[in-house]
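Comments concern the structure below.
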Amino acid sequence: MPRDRGDDRPFLDARLDPSDWDETRHTLHELVDACVDHLSGVRDRPWRPPAPASLAATELDGADEGVGLVRTAREMTEHVLPFGSGNTHPRFFGWVQGTGNAAALAAEIVAATMNANVGGREHAAVHVERDVIGWARDVFAFPSEASGVLVAGTSQATVTALAVARRKVLGVRDRAGGLPDGADLCAYASASVHTAVRNAAHVAGLGRDAVRLVPTDEDGGIDLASLQEAIDADVAARRTPFCLIGTAGSVDMGAFDDLHGLADVARERDLWLHVDGAFGAWLRLAREPWRSLVAGIERADSLACDFHKWMFVQYDVGLALVRDGELHRETFAARPAYLEGQARGLAGGEPWFADYGVDLSRGFRALKVWATLRAYGSRLLGDVVTRNCQLAAYMGELVVASDELELVAPVRSNVCCFRVADGVVAGYDDDALQERVAADLQLAGEAVVSTTMVAGRTVLRAAITNHRTEPEDVEATVEGVRRRVAAFGAALEV
Ligand SMILES: Cc1ncc(COP(=O)(O)O)c(C=O)c1O
């Protein structure tokens, strides 16, 4: 018998679900159509800056009153969807950004519908993440007791890994008391290490300067003799070396550290070996000669890498993999009574991923990775990675064949660094010229290359982590640079 609540308990009429699910279904179908139209025509949709009218149309302006799903969906389609960051386009080579894929798009719809909190407990999402971690463990030949956790990206994965390395060197006192006075822990990485590693040292309480920047050798990898000297100097100064950080794919030039060499030093000196393989780790799936660039990655104590870069999964999803799963769990697991696992029911299940990182509430990132692996398989994904390296090598050849351009560093994997040669456009600052060329190409919607500094000079940089790129896209990009150089030269002569 329903209880008579009486008139003195007037509940607010406040609900979010629609009264008409058919209208919702229709709106979502239209939205999916718009998304698929967008993706299937993505070649005609290079980056363009957000239109002022669209920015105005999407301003929240207090948002006291809702406008309903139908209008909200229309606003997303008209005013947000067209103004992406361009990384879905076949001629996007800026920074290191992945393209996304259709299987992961499908997974995002399912994951959003389920709205699972994947901190732990007994439900499908935990099992899917476990499968993804198991797959990665096999790919990188980590032992069965290794653990892993999906995080926002390599930056967060590096924080996770350094926290475990810190726990290894400090032992149990680490968690309760924090960093002891005078601990003076030092880590070592090549001078071309990504800034995310130094940020991670800061977040781990060590300070950015705890990461010693070791000079590189002629191949762009860490110089092992200089590394030994840097460690000796810290030992002599009574500091505590605890961690080596190898780079598998440097962000500027795509250089690779000698990971076997680093693993040997780590073993000899009893140091933790962490590998930053944000994009380069996936050469593990590539064909030779590129696969060998990551030889030794299987000897790391921890690895950070991204699915959202060179595995083409939608943002954001990175991976922290740790050889010693128990140490990993001990570093983070804290289960007060309200989080205790149970033998039966929803509070059962293992592992609880919240025990392997700082996030308690976690989204279902694993499904888009799982769907990508399931739909395409690692063989095809590895071939796309290989093809990207072939395309980068081709870009390098086109640069070398061009009188106006200069290849700044050998193309080792998927990164091609080049510049308009000095003096080609007389009367123009050579560094400013590179920046101008990059911006003009972007604004014309022709291609996206970014800029960086190599040996104190500004250079153009293309990192190909793009499953849509064809050889013609590489040709058009190099041609676009050359055309601009010719146009600047002509304009300055007038
Ligand atoms: C070598 C390297 N390490 C770390 C990062 C940071 O990764 P994320 O942006 O996923 O945090 C990047 C990003 O480009 C990178 O290239």
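Numbering of ligands and ligand atoms starts at 1, following listing order.
For ligand 1, the polar-atom distance check against His308 finds a nitrogen or oxygen pair separated by under 3.5 Å.
Under 4.0 angstrom from ligand 1, the non-hydrogen atoms of Ser155 come from both its backbone and its side chain. With a 4.0 Å cut-off on non-hydrogen atoms, Asp306 touches ligand 1 through its side chain and not its backbone.
Of the protein's heavy atoms, Ala278 CB, 3.3 Å lies nearest to atom 2 (C) of ligand 1. Scanning the protein for heavy atoms near atom 15 (C) of ligand 1, the closest one is His194 CD2, 3.2 Å. Atom 1 (C) of ligand 1 has as its closest protein heavy atom Gly249 O, 3.4 Å. The shortest contact between atom 3 (N) of ligand 1 and any protein heavy atom is with Asp276 OD2, 2.6 Å. Atom 7 (O) of ligand 1 has its closest protein heavy atom at Lys309 NZ, 3.1 Å.
Side-chain contact between Asn466 and Gln97 is absent, with no heavy atoms from C-beta onward closer than 4.5 Å. Counting heavy atoms from C-beta outward, Phe140 and Arg284 have side chains that approach closer than 4.5 Å.
Defined by atom type and a distance below 3.5 Å, a donor-acceptor pair is present between the side-chain atoms of Gln228 and Arg269. Remark: the Asn87 side chain and the Ser85 side chain contain an N/O donor-acceptor pair separated by less than 3.5 Å.
Pairs engaging residues 299-308 under the side chain to side chain donor-acceptor pair (under 3.5 Å) rule: Thr154-Asp306, His260-Arg299, Asp264-Arg299, Trp272-Ser302, His274-Ser302, Asp306-His308, Asp306-Lys309 [sequence neighbours left out]. Sorted by first and then second residue, the ring pair (Phe, Tyr, Trp, His ring centres under 6.0 Å) pairs involving residues 459-479 (not counting sequence neighbours) are Phe312-His467.
Closest approach of Pro471 to Arg387, counting heavy atoms only: CD-NH2, 4.1 Å.
Close approach of ligand 1 to Gly153 is summarised as follows: ligand atoms under 4.0 Å from at least one heavy atom of the residue are 10 (O), 11 (O). Short contacts between ligand 1 and Val251, defined as distances under 4.0 Å to a heavy atom of the residue, involve ligand atoms 16 (O).
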